[in-house]
Amino acid sequence: MSSVFPNPLSSPRLLLRRLQSGDDTALCSYRSLPEVARYQGWESFGPDDTARLIESQSHSEPGVPGTWFQLAIVERATESMVGDCGLHCRQDDLRQMEVGITLAPSHQGLGYATEALGCLLDFVFGTLGKHRISAVTDAENPAAASLFRRLGFRQEAHFVEHRWYKGYWDSEFVFGLLKREWELRSPGGGARVLPHGHR
Ligand SMILES: CC(C)(COP(=O)(O)OP(=O)(O)OC[C@H]1O[C@@H](n2cnc3c(N)ncnc32)[C@H](O)[C@@H]1OP(=O)(O)O)[C@@H](O)C(=O)NCCC(=O)NCCS
């Protein structure tokens, strides 16, 4: 059966491709780090979690209501996996998706997250034709908030201490971006490498 996902998506420095069995070592090595897990939905991430994630993604498709579609972020120059990103299709509205991303600390600060999500946004709005994408970040995770602002997301909400999470009252930002907003910002699509220092 053919897939709506072209596998891979490519940008100047990166490939976004489906997770595959050989990704286990790289995936586990950065997702298991406390500084990576700190604002994420997991407490710990070991080999069993890695195997489950890769297995669960083996036949996944973007746009299935209520599911995440996870992709490996691969550095083209070294062919190594440096992170992952995911698209969640809302159960209540197929025209909207949520995005999430994780980079290995060794590959943060290079603009890779901006470039990977730019590429993914072109796919979601261009190929899939979705109306809106949202992202939820911990209010104490400035790198994540900066990333979404840099991509043109609007901050739509600040939930203050609205949930008990990992042992404390947690605050979160919600960001949103519409298809027409992305098209105005990125006419014709095509993920770009933003100049260093760009906000
Ligand atoms: C959120 C996360 C992906 C952001 O990563 P990041 O490396 O800060 O984001 P980018 O890869 O886009 O890099 C941007 C930084 O690189 C710099 N940079 C260098 N070259 C660049 C380029 N060509 N284009 C854009 N930025 C560039 C920017 O100036 C910016 O630096 P600054 O943080 O000092 O301002 C990362 O912090 C992470 O994986 N955290 C752990 C997981 C997590 O919390 N995820 C959020 C869930 S939604």
Side-chain angles (χ1 to χ4, degrees), residues 9-16 19 23 26-46 49-50 53 62 68-78 80-90 96-122 124 132-159 162-163 165-168 170-177 182 185-186 190-199:
L9 297 173
S10 60
S11 66
R13 297 178 295 174
L14 304 170
L15 295 178
L16 305 189
L19 288 175
D23 292 335
L27 188 62
C28 192
S29 69
Y30 63 81
R31 278 194 168 219
S32 60
L33 298 171
E35 68 266 35
V36 167
R38 184 166 174 205
Y39 302 118
Q40 299 281 45
W42 60 87
E43 294 271 359
S44 62
F45 203 87
D49 305 293
T50 308
L53 178 58
W68 279 94
F69 179 67
Q70 291 290 145
L71 295 168
I73 303 173
V74 175
E75 186 179 46
R76 293 169 76 139
T78 59
S80 48
M81 179 179 178
V82 298
D84 60 271
C85 54
L87 287 173
H88 181 252
C89 183
R90 274 173 53 165
Q96 301 197 48
M97 299 192 105
E98 180 185 347
V99 68
I101 185 163
T102 305
L103 278 185
S106 55
H107 289 78
Q108 294 177 12
L110 301 171
Y112 279 2
T114 308
E115 187 173 324
L117 290 191
C119 186
L120 202 56
L121 292 171
D122 282 342
V124 169
R132 175 179 173 273
I133 296 189
S134 62
V136 180
T137 71
D138 193 290
E140 292 184 12
N141 187 357
S146 299
L147 167 65
F148 291 108
R149 291 195 177 105
R150 195 158 48 237
L151 285 160
F153 281 72
R154 282 170 291 97
Q155 186 184 317
E156 297 179 333
H158 181 183
F159 294 112
H162 72 134
R163 62 170 189 162
Y165 189 63
K166 296 189 178 179
Y168 65 100
D170 186 42
S171 302
E172 292 183 306
F173 294 139
V174 176
F175 291 93
L177 180 68
W182 179 247
R185 206 179 149 84
S186 177
R192 302 132 305 148
V193 184
L194 300 176
H196 184 69
H198 181 93
R199 291 291 184 273

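Both counts, for ligands and for their atoms, begin at 1 and track the order of listing. Position 1 is the first residue of the sequence, and the numbers go up from there.
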Does any N or O atom in [X] lie less than 3.5 angstrom from one in ligand 1, N or O only?
X	value
L103	yes
F148	no
N141	yes
A143	no
T114	yes
G111	yes
Y112	yes
G109	yes

**Request:** Establish, from distance only, whether the side-chain atoms of E140 and S171 form a donor-acceptor pair under 3.5 Å.
**Result:**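 There is no such pair between these side chains.
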
**Prompt:** Any side-chain donor paired with an acceptor under 3.5 Å for Y30 and D84?
**Reply:**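 Note: Y30 and D84 side chains meet the donor-acceptor criterion.
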
**Asked** What residues form a side chain to side chain donor-acceptor pair (under 3.5 Å) with E172, not counting sequence neighbours?
**Response** H162, R163

Are any of the side-chain nitrogens in [X] or [Y] under 4.0 Å away from the carboxylate oxygens of its partner?
X	Y	answer
E75	R13	no
E98	R132	no
R31	D49	no

**Prompt:** Is the NZ or CZ atom of R154 both under 6.0 Å from the centre of the six-membered ring of F148 and within 45° of that ring's axis?
**Reply:** no

**Asked** Where on E115 is there a heavy atom closer than 4.0 Å to ligand 1, on the side chain, on the backbone, on both, or on neither?
**Response**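 Within the 4.0 Å criterion, E115 makes no contact with ligand 1.
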
**Request:** Please work out whether any backbone atom (N, CA, C, O) or any side-chain heavy atom from C-beta onward of D138 is under 4.0 Å from ligand 1, and answer side chain, backbone, both or neither.
**Result:**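 Within the 4.0 Å criterion, D138 makes no contact with ligand 1.
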
**Asked** Are R150 and ligand 1 in contact, using a heavy-atom cut-off of under 4.0 Å?
**Response**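 Distance cut 4.0 Å: R150 passes for ligand 1.
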
**Request:** Search all heavy atoms of G41 against all heavy atoms of Y165 and return the closest pair with its distance.
**Result:**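 Closest heavy-atom pair between G41 and Y165: CA-OH, 3.1 Å.
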
**Message:** Restricting to non-hydrogen atoms, name the atom on R150 and the atom on T114 that form the minimum distance, rounded to 0.1 Å.
**Reply:**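 Taking every non-hydrogen atom into account, NE-OG1, 3.0 Å.
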
**Message:** Tell me the nearest of A135, P105, A113 to atom 5 (O) of ligand 1, using heavy-atom distances.
**Reply:** A113

**Message:** Out of E35, Q40, R13, R31, who is nearest to atom 42 (C) of ligand 1 when you count heavy atoms only?
**Reply:**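 Closest candidate by heavy-atom distance is Q40.
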
**Message:** Distance under 4.0 Å to a non-hydrogen atom of T102: what atoms of ligand 1 satisfy this?
**Reply:** 39 (O)

